[in-house]
2 protein chains.
Amino acid sequence: MREREISQAVITRLPRYYRYLGELLEDDIERISSNELSKRMQVTASQIRQDLNNFGGFGQQGYGYNVKYLYTEIGKILGLDVNHNYIIIGAGNLGQALANYTTFERRGFILRGIFDNNPVMEDVTIRGIPVRMMDELKDFIAKNNVEIAVLTIPKEHATDVASHLVEAGIKAIWNFAHTDLAVPESVMVENVHLSESLMKLSYRLKQNGEHAYQKDN
Amino acid sequence: MREREISQAVITRLPRYYRYLGELLEDDIERISSNELSKRMQVTASQIRQDLNNFGGFGQQGYGYNVKYLYTEIGKILGLDVNHNYIIIGAGNLGQALANYTTFERRGFILRGIFDNNPVMEDVTIRGIPVRMMDELKDFIAKNNVEIAVLTIPKEHATDVASHLVEAGIKAIWNFAHTDLAVPESVMVENVHLSESLMKLSYRLKQNGEHAYQKDN
DNA sequence: TAGATTGTTAATCGATTAACAATC
DNA sequence: TAGATTGTTAATCGATTAACAATC
């Protein structure tokens with residue numbers, strides 16, 4: 001049924017299209033051409049048309065794209081038309097910050113539970129959700145139909161916890177731990193390595209500095 | 001002086017090399033070949049050699065790479081051999097979580113100040129650092145030689161704050177707000193769009209589900 | 001119908017992989 | 001010296017851009 005594998009680059013751009021279309025929608029803009037959108041998003045119109053046509057013809061010659069329709073369709077492609085239950089593992093600063101992110105709920109990501117291994121945290125509630133101990137994990141995932149686990153724990157425990165999650169039948173891991181996880185390929189992993197992102201910024205900062213220096217000479 | 005622009009893909013991989021080399025160093029491994037490293041990192045040996053040779057010949061034929069030396073050199077390339085002063089703007093959940101991230105300090109990123117526009121937060125301290133009001137921003141950046149601003153504020157205020165930062169002479173912005181920033185090209189921006197990362201995971205979760213379904217038929 | 005703009009094919013560009021001579 | 005492994009050139013692969021026929 002699927003002709004060709006969609007490239008990682010395209011997938012990465014989809015949520016950005018979705019965001020821009022959402023803004024257009026808020027501004028009551030009804031239709032938009034690839035050319036107009038390309039100017040706003042700073043990408044080529046050709047790329048927009050190519051990207052969208054990976055998933056079907058959403059536009060109309062001579063008209064462009066209907067904003068609301070395209071927004072809805074991309075939402076479906078991204079799986080935002082259905083709810084996803086998720087849990088957070090690691091009730092530290094970052095875990096708590098994410099637990100308080102109500103924006104995710106609006107996109108259909110429903111926080112069902114928070115887990116930690118520190119007994120002090122037991123039954124502390126965050127946004128009304130009690131922190132549970134790790135021994136409840138497996139049962140909880142099964143009973144609550146949890147698809148996604150957010151990993152906000154130190155890297156030392158990440159490998160271990162990941163394998164528990166896999167055993168419990170988790171489908172996807174959003175990994176904030178500073179390590180790569182080895183899981184079966186049926187389990188999706190999306191890494192958010194914050195310190196690596198910061199290092200990238202540091203690199204570019206440095207390059208820019210040198211660049212500027214050379215210019216001055 | 002610089003022959004060719006280093007591609008974004010290479011820059012993104014650098015911190016990952018750095019992380020793996022750091023782990024090798026902790027394990028007291030003295031030398032490593034591109035082949036051995038490629039197995040650990042799940043990339044091709046050829047790519048490792050190509051990537052590194054963008055910055056110079058760090059290896060030795062018949063020997064491989066000296067772990068400690070390569071680690072140090074990549075650290076220099078990433079600008080981790082010098083300290084960078086940074087501030088956090090937005091003392092909400094995420095801002096506070098990042099403020100408590102002492103790992104950054106170890107890499108030479110020094111948190112100098114935290115800013116917010118909510119008077120209730122004034123002089124609340126996080127990790128000993130008082131939250132300041134936005135009217136102090138410009139002076140503070142100049143006086144404290146702040147290079148990097150971390151933006152953990154709602155998207156509504158991001159554009160406005162970004163332009164204040166540019167005026168104040170900030171060099172780089174680590175942007176967690178859900179919007180793109182328009183700044184002069186001399187100001188580096190690194191985006192961390194968490195909800196977009198989560199949507200990517202959602203997409204892959206969905207694909208994987210369909211895939212599995214098709215397999216069963 | 002004429003004009004606009006898509007969907008899609010072809011051309012180009014860039015990044016990854018393969019191969020191997022250089023050299024430790 | 002022989003073996004190992006880099007640094008680097010060449011080949012391949014994939015992604016982006018350009019062009020244009022199809023069509024609303």
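Chain letters run A, B, ... following the sequence lines, proteins first, then strands; residues in each count from 1.
Checked by atom type and distance alone, the side chain of Asn100(A) pairs as donor or acceptor with a backbone atom of Gln96(A) at under 3.5 Å.
Per the geometry, CD1 belonging to Ile11(A) stands 10 Å off P belonging to dA15(D), to the nearest Å. The distance from atom CG of Asn35(A) to atom C1' of dG3(C) is 15 Å, rounded to the nearest whole Å. A straight line from CG of Asn54(A) to P of dG14(D) spans 15 Å, rounded to a whole angstrom. As rounded to whole Å, 12 Å separates atom P of dA10(C) from atom CD of Gln50(A). Taking atom CZ on Arg13(A) and atom P on dA15(D), their separation rounds to 9 Å, with Å as the unit. Atoms CG (Leu37(A)) and P (dT5(C)) sit 13 Å apart, rounded to a whole Å. Following rounding to the nearest Å, Gln61(A) (CD) and dA22(D) (P) show an atom-to-atom distance of 11 Å. In this structure, Arg49(B) atom CZ and dT5(D) atom C1' are separated by 7 Å, rounded to whole Å.
For dA15(D), the paired nucleotide is dT12(C), the pair qualifying as Watson-Crick or G-U wobble because both relevant distances are below 3.5 Å. dC20(D) is paired with dG7(C) under the Watson-Crick or G-U wobble criterion, all donor-acceptor distances under 3.5 Å.
Judged by closest nucleotide on DNA chain D, Gly56(B) is the one of Gly62(A) and Gly56(B) placed further toward the 5' end.
Between Tyr71(B) and the options Tyr17(B), Tyr18(B), Tyr20(B), a side chain to side chain donor-acceptor pair (under 3.5 Å) holds for only Tyr18(B).
Under 4.0 angstrom from either OP1 or OP2 of dC24(D) there lies no side-chain N or O belonging to Tyr65(A). Checking the phosphate oxygens (OP1, OP2) of dT17(D), a side-chain nitrogen or oxygen of Thr44(A) falls inside 4.0 Å. The phosphate of dT16(D) (OP1 or OP2) has a side-chain N or O of Gln47(A) nearer than 4.0 angstrom. Taking 4.0 angstrom as the limit, Tyr63(A) places none of its side-chain polar atoms (N or O) nearer than this to OP1 or OP2 of dG7(C).
Between Phe109(B) and Trp174(B), a ring centre-to-centre spacing not shorter than 6.0 Å is recorded.
Here the shortest heavy-atom pairing between Asn145(A) and Asn85(A) reads O-ND2, 3.2 Å.
In the set dT6(D), dT8(C), dT5(C), the nucleotide with an atom closest to the side chain of Asn53(A) is dT8(C). The side chain of Ser46(B) lies closest to dA18(C) when the candidates are dC24(D), dA18(C), dT6(D).
Crowding of Lys171(B) atom NZ: a count of heavy atoms from other residues, nucleotides or ligands under 6.0 Å not exceeding 12.
Side-chain atoms of Glu36(A) stay outside donor-acceptor range of the base of dT5(C), with no qualifying N/O pair under 3.5 Å.
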